[in-house]
**Q** 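Supplied in structure tokens, the structure appears directly below.
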Amino acid sequence: MSQELPPRLDPRSIEPARYRAWQEGGYFHVPASAVLEEGRDPYVIVIPPPNVTAALHMGHGLNNTVQDVLIRWRRMQGRAALWVPGTDHAGIATQNVVERQLAAEGIHRDDLGREKFVERVWDFVGETGGTILEQLKAIGASCDWDRTRFTLDDDLRQAVREVFVSLYEKDLVYRGEYIINWCPRCLTALSNEEAEGEETQGHLWHLRYPLPEESWGAAEASRAAGAEAIGQLDDGTWYLTVSTTRPETMLGDTGVAVYPGDDRYAGLVGASVHLPLTGRTIPIVADRHVDPDFGSGMVKVTPAHDKNDFEIAGRTGLELLDVMTPDARMSEGTPEAFRGLDRVEARKAVLAALEAEGFLAGTDEHTHAVPHCYRCHTVVEPRLSEQWFVSMKPLAEPALAASRDGTITFTPSHWQRVYEHWMENIQDWCISRQLWWGHRIPVWYCECGEVIVAREDPTACTRCGSAALEQDPDVLDTWFSSQLWPFSVFGWPKQTDDLKAFYPGHTLVTAPEILFFWVSRMIMMGYEFQGEAPFTQVYLHGTVRDIKGRKMSKSLGNGIDPLGVVEEFGADAMRYTIISQCAVGTDISLDHEDVEAAFANGRNFANKIWNAGRFALMSLGDAPVRPLAEVSGDLALEDRWILSRMARAADGATRGLERFRLHEVAEGLYHFFWGEVCDWYLELVKSRLAADAEPATREAARATLVAVLDHAFRLLQPIVPFVTSELWARLPWPEGEERPEDLIVAPWPEGLESWMDDEAESAFAAFQSLIVETRRLRKEYGVGEGQRVAIHVVGGPEGFGQMIAQQGAVMDQLARVDRVETTAGEGVGANGVLPNGAELFLPLEGVIDVARERTRMEGEIEKLEGMLKGVRARLGNEKFVANAPDEVVAKARENEAQLEDQSSKLREKLVGLGV
RNA sequence: GGUCGCUUAGCUCAGCUGGUAGAGCGCCACGUUCACAUCGUGGAUGUCGCAGGUUCGAGUCCUGCAGCGACCACCA
């Protein structure tokens, strides 16, 4: 206990050992029996599983620090606080990484074949897969590592299968040929969410489609009816105009559509039009999708390459014509001139050909959102393809209701509306991916045509008995398995004790980016398969950005390595810095070019805690410490004050944590610890802790100090667990009181109302003002450090003078005051006015510049008069007196009295100053 | 195009249900025997984007405007 601590906190020397001790103590592990047998109240967070191949970045740092703070807090509250860790197999992302590795060796995945490729991915995952979880330990994450899961674990495969088959049996999973988002680089289908719209500067090309001669009459009539889209070429041919942002798709047009009620084109519906470059003739149809007020009011219809056009075709019977290969080249179905051309080249070629033939009417600049693959940023191609889908509307209903009725709350709350809007407009989800890495779709096809969807791999066809079954080659969207995470991690579909104990969970902490990808789907699956929501609180934190507001990313090179920060400044420093910026709904900004500046605040705070503890441990010594209750009669004002402040700090921290106001919690505790415990309390008790101090006051100070630090460390533990634990473990303990096994399971300070002491707080506040004001005056008049002064305190509330006189002993220590008088002062003096109305004189004959003092006081009086005028105006206002809350009016009256008092006293003194 | 959000001290941002502005960093001055210079003490800086409105009173509520941002969207 009297062991020497270094004057600087060296995180490296304490953090790893401390973490090991926690793990060895088993504090992170929560067995189902804690809930089922011991009856403890569970609190469950499942980690947003990072990609198995990921390396820890600041985004993870933020996400996991927040979760850890919440878990550590709940653990101290006595909850069975379980944080389940794990990783996600991340289909496309992981496959891409391995493909890149192979490419470096000059190998394509096809060269290896599916089986070998998947083996290779497993090898890769086996080598690097656990890295990120190990890295989480460095930042102090108190996950239950015995429960680590991977979305491709065997039992999670069972969950995926059960869900797929079950949804299929309920007709909520189906296979069909629809327009999906296709990434021509990844060569796979994507969900709507995976196709991210990026604002792109493009063009809108206007194309002319010539009409056959028999329609020229109708065309002329249309033109006469005001249809500007109808016109005549130089050779007399009538044509219509359509527009497109993707001219190459015109090769796949199978019709032109107008709005059913559009009189301008009434005569043309049912007619046909020549499709340039192709020699094909396509019909003109009417469909409600067309907006008659947009552009020409005529739309080219490309059913195989546009979602809306596909729907138009469904309603009007237009043909489907696929003109593109999976890697986005023009297919066999296109004229020879374009066949095999990449879509970009094809666009140029088509435009050139149209222009050459006079069918290009014009071009406009056009900015629009072009969908890109969220993994490789290639422009996504809407494409007709046979895929598996989940029918979402029925699943969305309870998930939507849960938000509306408040079962699930969102923080910040505005995400509730975003969530509901998405749920209300939900579309079916394309879940099949043409990848090799992932959960293989549990569907087999028999040569007899039978489709077998099964929980267990079938050995023979259920209809014809043939053993020649082929499993669907595709895998499922990664999010299909991660959406089951809140219950698949507990062994479902088996009805395990874990599931009973820990489902539903409580808080989900993640970034808003994956609200649709993950959060909303977990909620839907929770209702569908467990009958209730997987959690009730969704806390969406911000994004980590650099000082310029740019999102930290590998490609921008503006990232900060959390492990480097831990190495250099300690996990506590990083955690505090992050949490103190974690205001609801705001991003975290950190300067990647000056990492030290970014984390200095956290580092300094951790060091401050360290030194406060170091001082306390040295001062307390090895002598037994008495329980606070036994010394209550000997408590000094500052003891009562700091205990009261501590109770309030605890209260504030609890309320803040309950509402996810983490930055307020961090800053509140920072202010309490640094600004009150260190700046005031420790300074005040220094003399009382001295060996020669009067025994009763010394013991009271020692008991209070231990109580204050014990509680302060508890309150700070969730945010800065390492330094607090290290010190707490060395803290002497009150005799006869049971010491918790470890700080991280010490009870959370709550219900300390009995320590709140308004009287002590207001008396101490006055005392603080006195000190501060004296210090200020000393500075202002340049009184040297070595020079002691006398102060005369005049007036103030009842008992104030007496209280000050009692504190006289410490006045010298804090403000170099050798004499405090509470009688009226006389003559020339510096002066200050305390908030409680008391006034002090600091006799400083010969030190003061009288003229300057006079000017200052005049300014002061002017200011006071102004304020007084304002307060009087308010009090003179009948409506204010009648309508404002009583306490506000009372406060105003009090204010008025004080201002009057201060002002008149200042005037007197101004007179006293002479000239 | 729709929806939502933001605009407060040099910088990054707090400010919950309206009652005469805050933090951290930075800056200036002074200070190292006495836990901590990753420190202490004191100090300076804001017409709370602009214009109206409601109210006794608005950074806080309402409207409009300007700038920025996010999310959603099938306008070819």
Side-chain angles (χ1 to χ4, degrees), chain A residues 5 7-9 179 197 204 242-246 249 257 289-291 293-302 306-312 366 368-369 382 412 414-415 417-418 421-422 425 512-513 515-516 543 545 547 549 569 573 577 580-581 583-591 596-598 600-619 655 659 661 663-664 667 670-671 678-679 682-683 686 772 775-780 782 784-785 813-815 866-867 870-871 873-885 887-889 891-892 895:
Chain A
L5 298 178
R8 273 188 195 186
L9 169 61
I179 300 290
L204 187 59
V242 290
S243 304
T244 181
T245 54
R246 296 188 296 150
T249 65
H289 168 258
V290 182
D291 178 355
D293 297 326
F294 184 84
S296 67
M298 289 191 129
V299 181
K300 63 189 271 301
V301 185
T302 322
D306 183 280
K307 198 175 163 200
N308 295 304
D309 292 3
F310 178 79
E311 284 165 15
I312 293 174
H366 186 65
H368 58 145
H414 72 262
W415 288 107
R417 296 190 51 167
V418 177
H421 181 259
W422 186 80
N425 298 287
E513 290 100 273
L515 183 60
F516 306 140
T543 306
R545 298 181 182 279
I547 208 111
F569 308 113
T577 300
S580 68
Q581 285 197 51
V584 169
T586 63
D587 291 336
I588 307 292
S589 65
L590 298 167
D591 189 348
E596 170 155 8
N601 193 220
R603 178 199 58 183
N604 295 355
F605 185 42
N607 190 58
K608 187 71 178 179
I609 295 170
W610 177 253
N611 271 290
R614 178 169 169 259
F615 164 72
L617 293 177
M618 288 190 301
S619 306
R655 278 208 317 276
R659 296 184 302 161
R661 304 180 80 90
H663 100 277
E664 287 178 19
E667 290 183 358
Y670 177 99
H671 178 260
C678 293
D679 288 350
L682 291 185
E683 293 303 327
K686 272 178 181 170
V772 170
R775 284 171 176 165
R776 191 183 66 72
L777 290 171
R778 290 185 59 112
K779 286 267 187 197
E780 188 173 348
E785 284 289 308
Q813 193 182 336
L814 298 182
M867 288 168 73
V871 174
R874 191 188 309 169
L875 284 167
N877 184 319
E878 286 174 24
K879 285 192 194 167
F880 168 70
V881 177
N883 301 333
E887 59 211 54
V888 172
V889 177
K891 200 177 154 193
N895 211 348

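Letters A, B, ... are given to chains in the order of the sequence lines, protein chains preceding strands, and every chain is numbered from 1.
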**Q** Enumerate the protein-to-nucleotides 30-32 of chain B contacts in which both atoms are nitrogen or oxygen and the separation is below 3.5 Å.
**A**
| residue | atom | partner | partner atom | Å |
| --- | --- | --- | --- | --- |
| C30(B) | O2 | Lys779(A) | NZ | 3.3 |

**Q** Considering residues at least two apart in sequence or located in another chain, which fulfil the side chain to side chain donor-acceptor pair (under 3.5 Å) criterion with Asp587(A)?
**A**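 Asp587(A) satisfies side chain to side chain donor-acceptor pair (under 3.5 Å) with Arg545(A) only.
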**Q** Please name all residues satisfying side chain to side chain donor-acceptor pair (under 3.5 Å) with Asn604(A), sequence neighbours left out, ordered by chain then number.
**A**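 Partners of Asn604(A) under the side chain to side chain donor-acceptor pair (under 3.5 Å) test: none.
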**Q** Using the side chain to side chain contact (heavy atoms under 4.5 Å, CB included) criterion, which residues pair with His289(A)? Sequence neighbours excluded.
**A** Asp287(A), Asn308(A), Ile312(A), Arg315(A)
**Q** What string of B, S and - do you get for nucleotides 68-76 of chain B, 5' to 3', if B is base contact, S is sugar-phosphate-only contact and - is no contact with any protein heavy atom under 4.0 Å?
**A** ---SSBBBB
**Q** Can you list the residues that meet the side chain to side chain contact (heavy atoms under 4.5 Å, CB included) rule with Ala583(A), with sequence neighbours excluded?
**A**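 Once residues adjacent in sequence are excluded, the partners of Ala583(A) under the side chain to side chain contact (heavy atoms under 4.5 Å, CB included) criterion are Thr586(A), His663(A).
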**Q** Using a cutoff of under 3.5 Å, can you pull out all pairs of nitrogen or oxygen atoms linking the protein to nucleotides 4-12 of chain B, with atom names and distances?
**A**
| residue | atom | partner | partner atom | Å |
| --- | --- | --- | --- | --- |
| U12(B) | O2' | Ser589(A) | OG | 2.8 |

**Q** From CH2 of Trp610(A) over to C1' of C36(B), roughly how many Å is that when rounded to an integer?
**A**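 After rounding, the gap between these two atoms is 12 Å.
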**Q** Which residues satisfy the side chain to side chain donor-acceptor pair (under 3.5 Å) test with Trp415(A), sequence neighbours excluded?
**A** none
**Q** NZ of Lys686(A) versus P of G40(B): gap in Å, rounded?
**A**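 These atoms are roughly 11 Å apart.
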**Q** Polar atoms only, N or O, under 3.5 Å: list the protein pairs with nucleotides 23-28 of chain B and their distances.
**A**
| residue | atom | partner | partner atom | Å |
| --- | --- | --- | --- | --- |
| G24(B) | O3' | Asn601(A) | ND2 | 3.3 |

**Q** His368(A): which residues meet the side chain to side chain contact (heavy atoms under 4.5 Å, CB included) condition with it, sequence neighbours left out?
**A**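 Side chain to side chain contact (heavy atoms under 4.5 Å, CB included) list for His368(A), sorted by chain: Thr245(A), His366(A), Val370(A).
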**Q** For RNA chain B, what dot-bracket results from Watson-Crick or G-U pairs at under 3.5 Å, with [ ] for crossers and | for inter-strand partners?
**A** (((((((..((((........)))).(((((.......))))).....(((((.......))))))))))))....
**Q** Just the rounded figure in Å: distance from P of C34(B) to CD of Glu683(A).
**A**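 Atom CD in Glu683(A) sits about 12 Å away from atom P in C34(B).
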**Q** Run the side chain to side chain donor-acceptor pair (under 3.5 Å) test against Lys686(A) and tell me which residues pass, sequence neighbours left out.
**A** Glu683(A)
